Amino acid sequence: MPNNLEKLKYIETKDALDKVSPSFCLAKWLQVTIHLQNGQTHSCHHPPTHKVPLSELKENPAALHNTKEKINQRRAMLRGEKPKPCHYCWDAEKASPDNFSDRVFKSSSSWAMPFLEKTLKDPLSDRITPRYLEVSFGHKCNFKCSYCAPHISSSLFEETKRFGKYPVEDAHDLKWLDKVGLTPIPPEDDNPYVDAFWKWLPEIYQDLRVLRITGGEPLVNPNTFKLLEYMKEHPSDHLDFAMNSNLGLPKSYIQRLKKHLVPLLENKHVKRVNLFTSIDTWGADAEYIRNGLNCEEFEQNLIELFESSPEMRITIMCTFNVLSVPRFHELIEKVLEWKKRFGMIGNDDRLIFDISHLTYPRHQAFTILPASYESRLGELFELMKLHQKKTHLDPEGFTVLEVEKMKRILEIFRDHHQSKDPQQKYWQKQFQLFFTEYDKRKGTSLKQTFPDYSFLGQQSILQDFKNKFKYMR
Ligand code: SF4
């Protein structure tokens, strides 16, 4: 919940946006995610991606962000119209007109609002410079996570080529990928989108406030290290640099990363470095979900990076899903241990635990669990609350926001079951179909890893959970 000061900031932002038009949003101009492996772009990350036409790119590398399609959406916003792809915000604004949508939250960011005036000088230009750039150089990845897709992981792409699509709704259908222009360009081929990126970067680099590399797995892409070299040669004291990694690679990759990141931090070539990694529960359960993960290796790599510089910050992104539940308390314990060990930089924790919930594919959403699991989720929330910081300067424990995010999980579950989803059984069936095939392809066993999910899930696991739950009184 925003405090009063934050609320005032959002009110002021909304006023400033409304002066331009009631649907104006700076993220459409200043934030971009670009998937160079298939030439897809979107602003912001909520609307679906669309293809950058090669004809536009030939004349203007800034078309990676300023496609004709996006400029048309901007034109609509300036007129006060609501472009359909942004329905995420229009739905939120319609549902509760007094609440703020991401249109306001994002526009109030330090990478957006200070650039309002400049943006409005030539708002329909095809040379708009983003301030928040997220880029994926390729889809090469050594993991095959259960909720990932073939155009994001090369390992999944190869697996799908071999076995075909899954017998469920989210089928990993390569023909469909082709039809909608999502098929990745093979990493070894020439890629005009990557070429255009390197042409465009010098034009925009000094204006960037946030630069984030995503993937695939960035550590297996040579462009990542090319960019880190570029950053060393072009210091920017206002740039927040972020990068994703699954941290599931041998030590040599981590050593190489350290070799680049530590001097960036020590020589202040960027303002801040934040690494983002992902894990959704702990032990064999986590390894089952994120196929390719080894928890021991993950922990060693995490510790090694933390120890490489006192300035290193890491965010653990947890996509809470149906398989997260049985051993989630173990992850909570682990995160507490790491938080305690690595402490804070100024007022900020070096380790942030960011829990979001999986909504897609729906058969892996935690809401497919029976209503009886509410008490379990309640206990997880209680566990985090028990270890909440007493004040925000407390060096140990979870922040208010981290605990709130766990509370949201509980609330979403409760709401879902109160509204009685008529398709509950359907998604449970889809779950079974998907994981039967998953086990065949990967040589894993849902039954052995999650013995109590045969129903999926009976009451016995609740007892087992309580037995293991050493923090509960
Ligand atoms: S209106 Fe909403 S969905 Fe559209 S760009 Fe802005 S924040 Fe994103």
Side-chain angles (χ1 to χ4, degrees), residues 1-2 6-7 9-35 39-52 62-120 122-136 180 204 207-212 214 240 242 276 317 354 356-360 405 408:
M1 280 284 108
E6 279 175 334
K7 215 170 168 184
K9 182 171 95 171
Y10 299 140
I11 291 170
E12 283 172 6
T13 301
K14 189 168 184 308
D15 285 349
L17 297 177
D18 285 352
K19 270 191 197 136
V20 183
S21 97
S23 59
F24 181 66
C25 170
L26 276 167
K28 189 60 79 196
W29 275 258
L30 302 180
Q31 183 176 32
V32 65
T33 303
I34 308 168
H35 304 272
Q40 297 277 331
T41 183
H42 50 167
S43 295
C44 64
H45 68 284
H46 292 310
T49 59
H50 63 274
K51 193 106 179 164
V52 179
L64 286 173
H65 173 43
N66 301 286
T67 56
K68 291 203 169 98
E69 187 168 337
K70 216 183 279 180
I71 293 171
N72 281 337
Q73 291 176 22
R74 292 174 187 157
R75 185 177 288 114
M77 280 184 170
L78 289 170
R79 286 191 196 128
E81 294 160 15
K82 297 180 172 174
K84 267 200 193 123
C86 289
H87 68 83
Y88 182 90
C89 283
W90 317 139
D91 291 351
E93 289 175 12
K94 200 168 145 206
S96 49
D98 294 337
N99 281 348
F100 302 113
S101 66
D102 262 16
R103 185 171 76 89
V104 175
F105 291 136
K106 281 174 181 278
S107 297
S108 71
S109 309
S110 57
W111 51 262
M113 197 32 89
F115 306 102
L116 172 67
E117 219 174 291
K118 193 159 185 207
T119 304
L120 289 175
D122 191 6
L124 296 178
S125 160
D126 62 1
R127 296 266 171 184
I128 297 283
T129 299
R131 262 56 182 191
Y132 187 121
L133 167 65
E134 182 174 37
V135 63
S136 156
V180 296
I204 60 167
D207 283 332
L208 293 176
R209 294 298 181 272
V210 182
L211 171 59
R212 180 163 173 172
T214 176
D240 264 330
F276 287 79
M317 299 180 293
D354 186 12
S356 63
H357 64 285
L358 180 140
T359 52
Y360 188 88
K405 290 202 171 179
R408 255 190 72 177

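The structure presented is a predicted model; accordingly, all values stated were derived computationally and were not measured. Remember, it's 1-based here, ligands and their atoms both numbered in the order they're listed.
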Problem set entry | Lys/Arg N to Asp/Glu carboxylate O, Asp240 vs Arg209, below 4.0 Å | no

For this session: For atom 1 (S) of ligand 1, state which one of Ser101, Ser43, Ala112, Cys89 supplies the nearest heavy atom.
Result: Cys89

For this session: Pull out every atom of ligand 1 sitting under 4.0 Å from any heavy atom of Arg103, numbered as shown with elements.
Result: 7 (S)

Exercise. Would Thr67 and His50 count as having a side-chain donor-acceptor pair, cut-off 3.5 Å?
Worked result: yes

Exercise. For the residue pair His42 and His35, does the interplanar ring angle fall in the parallel (under 30°), tilted (30 to 60°) or perpendicular (over 60°) class?
Worked result: tilted

For this session: Just jot down the ligand 1 atoms closer than 4.0 angstrom to any heavy atom of Cys25, in number order.
Result: 1 (S), 5 (S), 6 (Fe), 7 (S)

For this session: Answer yes or no as to whether an N/O/S atom of Cys86 is found below 2.8 Å from atom 2 (Fe) of ligand 1.
Result: no

Exercise. What atoms in ligand 1 come closer than 4.0 Å to a heavy atom of Lys106?
Worked result: 7 (S)

Exercise. Which atoms from ligand 1 have a heavy atom of Asp102 less than 4.0 Å away?
Worked result: 7 (S)

For this session: List every atom of ligand 1 that sits less than 4.0 Å from any heavy atom of Cys44, numbering the atoms from 1 in the order shown and giving each element.
Result: 3 (S), 5 (S), 7 (S), 8 (Fe)

Exercise. For Lys14, does the NZ atom sit with more than 12 other heavy atoms under 6.0 Å from it, leaving out its own atoms?
Worked result: no

Exercise. With a cut-off of 4.0 Å, which atoms of ligand 1 are near a heavy atom of His46?
Worked result: 3 (S)

For this session: State whether Asp91 and Lys82 are salt-bridged, where the test is any N-O pair (Lys NZ or Arg NE/NH1/NH2 against Asp/Glu carboxylate O) under 4.0 Å.
Result: no

For this session: Just say parallel, tilted or perpendicular for the rings of Phe24 and Trp29, cut-offs at 30° and 60°.
Result: tilted

